[in-house]
Amino acid sequence: MKYQTILLFGAPGSGKGTQGKILGTIPNFFHCACGDVFRSLSAANPLARVFIEYTSRGQLVPDEPTVKLWRQFIQNSERIGRFNPGNDVLVLDGIPRNLPQAEMLDTTLEVRAILYLHCANFDRLVQRLQRRALKENRLDDANLDVIRHRLKVYERETKPVLKYYGAKKIHRIDSTQPPTKVLRDILARIDRVMK
Ligand code: ADP
């Protein structure tokens, strides 16, 4: 059985994490942010070192270990009863992050909708990321060159994922609005799609 999935999509700093966390508090929604799965690895895990190595340069972690780790996390969440695929909608944030990952997850995910948190203002994204660096102690947000590189990787590698799933599934939401209004728009779309 494929997981009924909503993808939260958008550039770093577009607010996916903020909105995803809220959606995850709604009964029968399970939020999974791939970056959080990496950050929760213990320092003793060799993949934690790989994660820091790539992230600190603003690059994506290689696909194979990423998808493997994600599968382990989801299967474990199922086992401990936090995620019940029979009833729950999976809200994914940060994965799939490029075409190979989308292909690898094809037999696992039934993507019902893509909520595309759109922000055309580059400076605004950079500002948000720099603020987050201070608040959440994130290495990858602290350095301007790394931020710029991540935004480039997003344009080059992540954006093509939109085309992969097709225009019909994409719901574009203005992420420059205040968070309450972004949430309102997201809920309206989910309401329509999951009926
Ligand atoms: P942001 O959306 O702001 O980039 P994330 O927490 O989603 O923040 O990701 C932080 C970093 O973690 C990424 O820059 C990347 O190095 C790594 N990462 C997260 N998800 C993936 C993924 N699906 N594939 C490869 N690398 C990933």
Side-chain angles (χ1 to χ4, degrees), residues 3 5-24 31-41 43 45-74 77 90-106 108-109 111 114-119 121-162 164-165 173 175-176 179 182 186:
Y3 300 142
T5 305
I6 288 179
L7 296 186
L8 280 175
F9 201 90
S14 60
K16 302 185 298 289
T18 304
Q19 299 295 335
K21 275 194 204 101
I22 299 171
L23 295 178
H31 171 235
C32 171
C34 193
D36 289 345
V37 177
F38 277 122
R39 281 183 289 273
S40 70
L41 290 173
N45 189 320
L47 193 54
R49 234 168 302 137
V50 176
F51 171 70
I52 290 172
E53 186 191 321
Y54 281 89
T55 303
S56 60
R57 296 197 297 249
Q59 293 170 351
L60 297 183
V61 180
D63 299 329
E64 293 282 346
T66 297
V67 171
K68 187 168 166 215
L69 175 72
W70 177 83
R71 283 192 201 281
Q72 280 168 359
F73 175 84
I74 285 290
S77 303
L90 179 60
V91 178
L92 277 187
D93 153 3
I95 189 168
R97 218 173 175 104
N98 57 20
L99 288 178
Q101 290 183 13
E103 281 161 6
M104 287 163 88
L105 293 173
D106 225 11
T108 309
L109 307 179
V111 175
I114 300 175
L115 303 174
Y116 177 19
L117 304 190
H118 184 259
C119 174
N121 188 334
F122 184 88
D123 293 339
R124 189 123 170 201
L125 290 172
V126 173
Q127 238 176 35
R128 281 187 183 179
L129 290 171
Q130 284 181 312
R131 226 180 306 137
R132 186 169 74 181
L134 297 175
K135 257 176 60 188
E136 296 178 18
N137 195 21
R138 285 208 18 193
L139 278 176
D140 53 337
D141 286 340
N143 178 301
L144 199 54
D145 287 335
V146 175
I147 290 178
R148 285 208 184 99
H149 188 69
R150 273 164 64 206
L151 291 170
K152 254 191 233 154
V153 169
Y154 167 74
E155 287 291 327
R156 195 175 57 217
E157 297 185 41
T158 307
K159 254 200 179 160
V161 171
L162 282 175
Y164 179 83
Y165 289 110
I173 290 162
S175 76
T176 62
V182 175
I186 286 177

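Counting starts at 1 for both ligands and their atoms, in listed order.
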Minimum heavy-atom distance Arg57-Val146, with the two atoms named: C-CG1, 4.0 Å
Test applied, side chain to side chain contact (heavy atoms under 4.5 Å, CB included); reference residue, Leu92; option that passes from Ile114, Leu7, Leu8, Val111: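 Going through the options one by one, the only one that passes is Leu7.
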Lys/Arg N to Asp/Glu carboxylate O, Arg150 vs Asp141, below 4.0 Å: yes
Exceeds 12 heavy-atom contacts within 6.0 angstrom, atom CD of Glu64: no
Per-ligand residue contacts, ligand 1, heavy-atom threshold under 4.0 Å: Pro12, Lys16, Cys34, Gly35, Phe38, Arg39, Phe51, Thr55, Gln59, Leu60, Val61, Thr66, Gly94, Ile95, Arg97, Gln101, Arg132, Arg138, Asp140, Arg150
Ring pair (Phe, Tyr, Trp, His ring centres under 6.0 Å) against His118, all qualifying residues, sequence neighbours excluded: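 His118 satisfies ring pair (Phe, Tyr, Trp, His ring centres under 6.0 Å) with Tyr116 only.
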Pair Arg97, Thr66: side-chain N/O donor-acceptor within cut-off below 3.5 Å: no
